[in-house]
Participant: 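If you scroll down you'll find the structure; I have some questions about it.
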Amino acid sequence: MEDNVILRIGAKILIPFILLFALYVQFHGDYGPGGGFQAGVIFAAAFILYALIFGVDTAKRVLPLRFVWFCGALGVWIFAGVGVVTLVLGGEFLNYNVLRHDPEHGQELGILLVELGVFTTVFGVMVAIFYMFAARRQVR
Amino acid sequence: MNVLGLVNYWAFIFLMMVGFYILISQGNLIKKIVGLSVFQTSVFILYISMGKIRGGTAPILMEGDPVYSNPLPHVLILTAIVVGVATTALGLSLVVRIHEAYGTVEEDEIHDLDVAEAE
Amino acid sequence: MLAVTALALLKLRNLFAVAMLAGIYSLLSAGLFTALDAVDVAFTEAAVGAGISTILVLGTLALVGHEQKKSTRSSVIPLLVVLVTGSILVYGTFDMPPYGDPGNPAHHHVAPHYLEESAHEIGIPNVVTSVLASYRGYDTMGETTVIFTAMVGVLLLMGGVRKRATSEMASGPASGPSDQELDGEPHQQPDGEEDPDGG
């Protein structure tokens, strides 16, 4: 697929918009449909498209395997970390009211952080799993 | 008893049974996994259809006072879908490993190979 | 439409077509979810079911081949099992609440609280997001952990053993050291794994 001009140019045009759309879905999840799960999948889909068209090795230069695994773990860490922070601040585990002086702002901040954690994990896991399947093909 | 009000359950049961049939009757492991995901989607449809309220709208708060469908099943299924794809990936990676060990993904042939090895 | 696609899935033996039809099935169910007011779910199903899982199935097909052999086993017993199970389930639905009725028990426990109170308790309009991230934060954390665990599982199955496969190819039965490496901590493996495909 690497020498097909239409695919290469098409992907190059599409990928920035896919990434932008994923970020829109992530940060607009409070107001419309969307959130960490969807945004993570779409963000991962952009990189998977890149890997399909330009080859997995090229994609790994952009996004090393170790970084992707780190992302998968980091997201869970962020999520649990928010819970621990709320514990330290005197609330229950994952009770965002205590994050700010105003409970409502605290909730918004908490949801933002937690969605960020979900986003990171889903993105990392999806790309890592794809890399695994793709790398098998190269070995054989 | 309003029989028409149960049609959504019957649609769900039909899809579920098709998935179940694929799962138990096909010998090919990839087909089995696809059948499992058909089964899974039918359960999603069950939950979402139970959350629907006639004349309701999507649970995103708006001006005025519209009727909202029940958001709780949506949340459950939202996470279940992503978990579902993660477990599907796990199943597929098992299939790949089985193919490397046995050279086939047909259940019958795997069984024959096992029997031949035991003798 | 969904039923027709599901039946076609059953009959087809070309697994490539099966993968594509599974994607179509997901997309159709996403449309159904939109009609049932679950926009967030439809969004996820369209992105995950029609996108990622189709790619994963295709990736597997590239590794294991895409023709299903004709099954020799009889299909009478599975059909019987399915019919019996299906009729028991249909019998069970007669006690279920009717579709779309606002008086159903599911709509009278915590759902009204979420719909009425979340505007000033959480302060964001999308109730699904506020339930997901705040009221049911424990659940979501569990789910995140589950997909993380699934990733670790896939890594152990697919990533860790790849080195042994290559070393077996290269040097025959001398796979002892990498066997031990398998038992080690999964996060240790990337160092060893990166080199074979980088080079």
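We name chains A, B, ... by the order of the sequence lines, and we start the count at 1 in each one. Computed from a prediction, not measured in an experiment: that's the story for all the values here.
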Participant: Report, in residue-number order, which members of residues 113-123 of chain A are under 4.5 Å from chain C by heavy-atom distance.
Facilitator: V114(A), E115(A), V118(A), T121(A), V122(A)
Participant: What is the minimum heavy-atom distance between S134(C) and Q107(A), and which atoms define it?
Facilitator: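 Shortest heavy-atom contact: OG-OE1, 2.7 Å.
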Participant: Check whether F93(A) gets within reach of chain C through its side chain, its backbone, both or neither, counting any heavy atom under 4.5 Å.
Facilitator: both
Participant: Give me each pair satisfying side-chain hydrogen bond (donor to acceptor under 3.5 Å, both in side chains) with a member in residues 45-63 of chain C, each pair once, sequence neighbours excluded.
Facilitator: S26(C)-E45(C)
Participant: Which value, rounded to the nearest 0.5 Å, describes the distance between I48(A) atom CD1 and I52(C) atom CD1?
Facilitator: 4.0 Å
Participant: Checking an interface table here. Which of residues 29-42 of chain C come within a heavy-atom distance under 4.5 Å of chain A?
Facilitator: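 Residues V39(C), D40(C) are the ones that qualify, each having a heavy atom under 4.5 Å from chain A.
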Participant: Among M126(A), E108(A), H105(A), single out the residue with the greatest number of heavy-atom pairs under 4.5 Å to chain C.
Facilitator: E108(A)
Participant: Other residues, nucleotides and ligands only: do more than 12 of their heavy atoms fall within 6.0 Å of CD1 on I77(C)?
Facilitator: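 It does not: I77(C) CD1 has 12 such atoms or fewer within range.
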Participant: Pick one of side chain, backbone, both or neither for Y31(A), based on which atoms fall under 4.5 Å of a heavy atom in chain C.
Facilitator: both
Participant: For the candidates A47(C), S130(C), G51(C), which exhibits the highest count of non-hydrogen atom pairs separated by less than 4.5 Å from chain A?
Facilitator: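 Looking at each option in turn, the highest pair count goes to A47(C).
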Participant: According to ring pair (Phe, Tyr, Trp, His ring centres under 6.0 Å), who are the partners of F67(A), at least two apart in sequence or on a separate chain?
Facilitator: none
Participant: Output the distance between atom CG (L155(C)) and atom CG (L65(A)), rounded to the nearest 0.5 Å.
Facilitator: 7.5 Å
Participant: Grab the two heavy atoms, one from M151(C) and one from W69(A), that are nearest each other, plus how far apart they are.
Facilitator: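 Closest heavy-atom pair between M151(C) and W69(A): CE-O, 3.9 Å.
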Participant: In this structure, is the centre-to-centre distance between the rings of F43(C) and F37(A) below 6.0 Å?
Facilitator: no
Participant: Can you name the closest pair of heavy atoms from I111(A) and T129(C) and give their distance?
Facilitator: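 For I111(A) versus T129(C), the nearest heavy atoms are CG2-CG2, 4.0 Å.
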Participant: Between CG of L56(C) and CZ of F130(A), what distance do you get to the nearest 0.5 Å?
Facilitator: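 Taking CG in L56(C) and CZ in F130(A), the distance rounds to 8.5 Å.
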Participant: First locate atom CD1 of I55(C), then atom CG of L49(A), and finally report the distance between them rounded to the nearest 0.5 Å.
Facilitator: 8.0 Å
Participant: How long is the span from the CH2 atom in W77(A) to the CZ atom in F148(C), to the nearest 0.5 Å?
Facilitator: 13.5 Å
